[in-house]
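In what follows, every chain begins at residue 1, and chains take the letters A, B, ... in the order their sequences are listed.
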Number of protein chains: 2
Amino acid sequence: MKLENITTMGKREKRSYDDACGAAHGLELLGERWAILIVRELMYGPKRFGELRAGLPGISANTLTQRLEGLEASRIVQRRKLPPPASAQIYELTEWGYEAEPIIQHLGKWATRSPDHDPTLPLSSASMIMSLKTMIDRRRSERVVGRFGFRFGEETFVGRLAHSAMQIWRGEIETVDTTFITDPTTLAAAVYGGVPLAELEASGKLRIEGDRALAERFVTLFPLPAKFV
Amino acid sequence: MKLENITTMGKREKRSYDDACGAAHGLELLGERWAILIVRELMYGPKRFGELRAGLPGISANTLTQRLEGLEASRIVQRRKLPPPASAQIYELTEWGYEAEPIIQHLGKWATRSPDHDPTLPLSSASMIMSLKTMIDRRRSERVVGRFGFRFGEETFVGRLAHSAMQIWRGEIETVDTTFITDPTTLAAAVYGGVPLAELEASGKLRIEGDRALAERFVTLFPLPAKFV
DNA sequence: CGGCATCCGGGAAGATACTG
DNA sequence: CAGTATCTTCCCGGATGCCG
């Protein structure tokens, strides 16, 4: 009995790494399963519970609820209630939460060198957008300038490329040079899989509106790093 | 019975995120508890099993063994046997494993803004060294040039600061301008906690050899980012 | 549909003891 | 010192049911 008490109290609170290293604390904040992917899904704007679930194939409602509670307690996520008549509850990153983007980008870029990475699996829109910002090649994109639209079903994004940097945000598609109308996985096949745009258009999985030459050029700007061994 | 089979086979292999996103694959590689901290411990050179344990307070031998096996299978860590008479087994990062450094650095830097981060906990030497590379302030260090030694018991590191960049590696301390003889946690108190060097010297926890003014200047180059709220 | 509570089974992590 | 064996605890995920 006393032994039980002692061992129970031995854990300061939950399981902690007891390490002043920032990385160790980072793992206490984001180290649980799914946590980083939830932050990824929120990186380009607030989402509802069901939208989060849709971008995280395999997560249970149960686990998603727990993670959101934890992330909210850590002040990485905040929940907000939209004003009536919508009055839906949404989840969004705090200012500090948005600053986690480079962590996820570095992790993603590093992992694509893994011998076991399978780029043909399905992909959420947030993943696709983040990968464009991450994987763009400075040298190849040096002299490319343009405004791009991306339409994935209901979701739309706008991107601006100039001086080797890609900015992308969620928003209405207006005054762009060229628009990709497709789904994230198909766009990945074009950009990372080297599948010709014409072939994807022929099979009805993708449509280009606007400057076609610019679209053709765009999909060549994102080389995958060499695999390790 | 049949239901059991179906649910058992439902898991393709282990628990996978089924997501082409590089970050998701990164979590399959480094997402298990302790994995990133093990990589951190190996970031400045190979270590033996016991040395790893010493830098990871709280890890069980059991778990460390499993993680090393997993990291080896993923080609992030390789194990090597030193030639006789040492013939000890050591663990070291692969070339690709060393490339994970920026992930850990960004994670650590981001997490120090957490309201819950406690920088007074103990710290391993690898954490301390990595934090110096991570947290150095470009502007403040612009015009500081020097070579630094760090002696933590048996372990020694050499650093070179020039043009706002800090390079540090494990090695013998020779031809440096100033040397810190202390332990990682005390150095953190000086660099991040603002504790005066004189006070730490008075209590016998730290000793400076060489250019004292340079040492005093050095400890002002690593401001912590502002907390979030 | 969105979100939370509860129960259950499996597996990963921790404590301890033990072996070469 | 470098792990292995065993046992326990706790986290994760699936299923179900409730409630707005």
Novice: Is a side-chain donor or acceptor of B:T134 paired with a backbone partner of B:M130 at a separation under 3.5 angstrom?
Specialist: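 Answer holds: yes.
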Novice: Report the distance from atom CG of B:L64 to atom C1' of C:dG14, rounded to the nearest whole Å.
Specialist: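 Nearest whole value for this atom pair: 13 Å.
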Novice: Find the distance A:E69:CD to C:dG2:P and express it as a whole number of Å.
Specialist: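 My rounded result for the distance is 17 Å.
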Novice: Go through D:dG13, C:dG14, D:dG3 for me and flag the one nearest to the A:W34 side chain.
Specialist: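 Comparing D:dG13, C:dG14, D:dG3 against the side chain of A:W34, the answer is D:dG13.
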Novice: The side chain of B:T63 is closest to which nucleotide in this list: C:dA12, D:dG13, C:dG14?
Specialist: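 Of all the options, the side chain of B:T63 is nearest to C:dG14.
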Novice: Please report the distance, rounded to the nearest Å, between CD in B:Q89 and C1' in D:dC1.
Specialist: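 The answer, rounded to whole Å, is 12 Å.
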Novice: Phosphate oxygens OP1/OP2 of C:dG14: is one of them under 4.0 Å from a side-chain N or O of B:R33?
Specialist: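 Yes.
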Novice: Let's test your reading of the model: under 3.5 Å, does the base of D:dG3 pair with the side chain of B:N62 as donor and acceptor?
Specialist: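 Result: no qualifying N/O pair found.
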Novice: Could you state the CD-C1' distance from B:E28 to D:dC12, rounded to the nearest angstrom?
Specialist: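 Interatomic distance, CD of B:E28 to C1' of D:dC12: 16 Å.
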Novice: Rounding to an integer number of Å, can you tell me how far B:Y17 OH sits from D:dC12 P?
Specialist: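 That distance rounds to 10 Å.
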Novice: Looking across every strand, which nucleic acid part, if any, lies under 4.0 Å from B:R79 by heavy atom: base, sugar-phosphate, or nothing?
Specialist: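 Answer is nothing: B:R79 stays at 4.0 Å or more from every strand.
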Novice: With a 3.5 Å cut-off and no angle check, do the side chains of A:S16 and A:E28 form a donor-acceptor pair?
Specialist: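 Yes.
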Novice: Separation of A:K47 atom NZ from C:dG2 atom C1', in whole Å?
Specialist: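 After rounding, the reported distance stands at 16 Å.
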Novice: Taking atom C1' of C:dA13 as reference, at what distance in whole Å does atom CD of B:Q66 sit?
Specialist: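 Going from B:Q66 (CD) to C:dA13 (C1'), I get 8 Å.
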Novice: Picking from D:dA2, D:dC12, D:dG13, which would you name as closest to the side chain of A:S60?
Specialist: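 Given the options D:dA2, D:dC12, D:dG13, the side chain of A:S60 is closest to D:dG13.
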Novice: Could you go through B:S131 and B:Y192, starting from their C-alpha distance and side-chain angles, then the distance that decides it, and tell me whether this counts as side-chain hydrogen bond (donor to acceptor under 3.5 Å, both in side chains)?
Specialist: CA-CA 10 Å; B:S131 80; B:Y192 303 114; 2.8 Å; yes
Novice: May I ask you to evaluate whether B:Y91 reaches the phosphate of D:dA2, defined as a side-chain N or O under 4.0 Å from OP1 or OP2?
Specialist: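 Negative; the distance criterion is not met.
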Novice: Counting side-chain heavy atoms from C-beta on, which of D:dC1, D:dG3, C:dA13 comes nearest to B:R48?
Specialist: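 Side chain of B:R48 sits closest to D:dC1.
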Novice: Roughly how many Å is it from CG in A:L68 to P in C:dG2, rounded to a whole number?
Specialist: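 Answer to the nearest Å: 13 Å.
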Novice: Report the residue (B:R53 or A:T65) whose heavy-atom-nearest nucleotide on DNA chain C is the more 5′ of the two.
Specialist: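 This one resolves to A:T65.
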Novice: Would you confirm whether the ring centroid of B:F218 sits within less than 6.0 angstrom of the ring centroid of B:F180?
Specialist: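 Yes, close enough.
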Novice: Around A:R151, counting heavy atoms of other residues, nucleotides and ligands shown, do more than 12 lie under 6.0 Å from its CZ?
Specialist: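 No, not enclosed.
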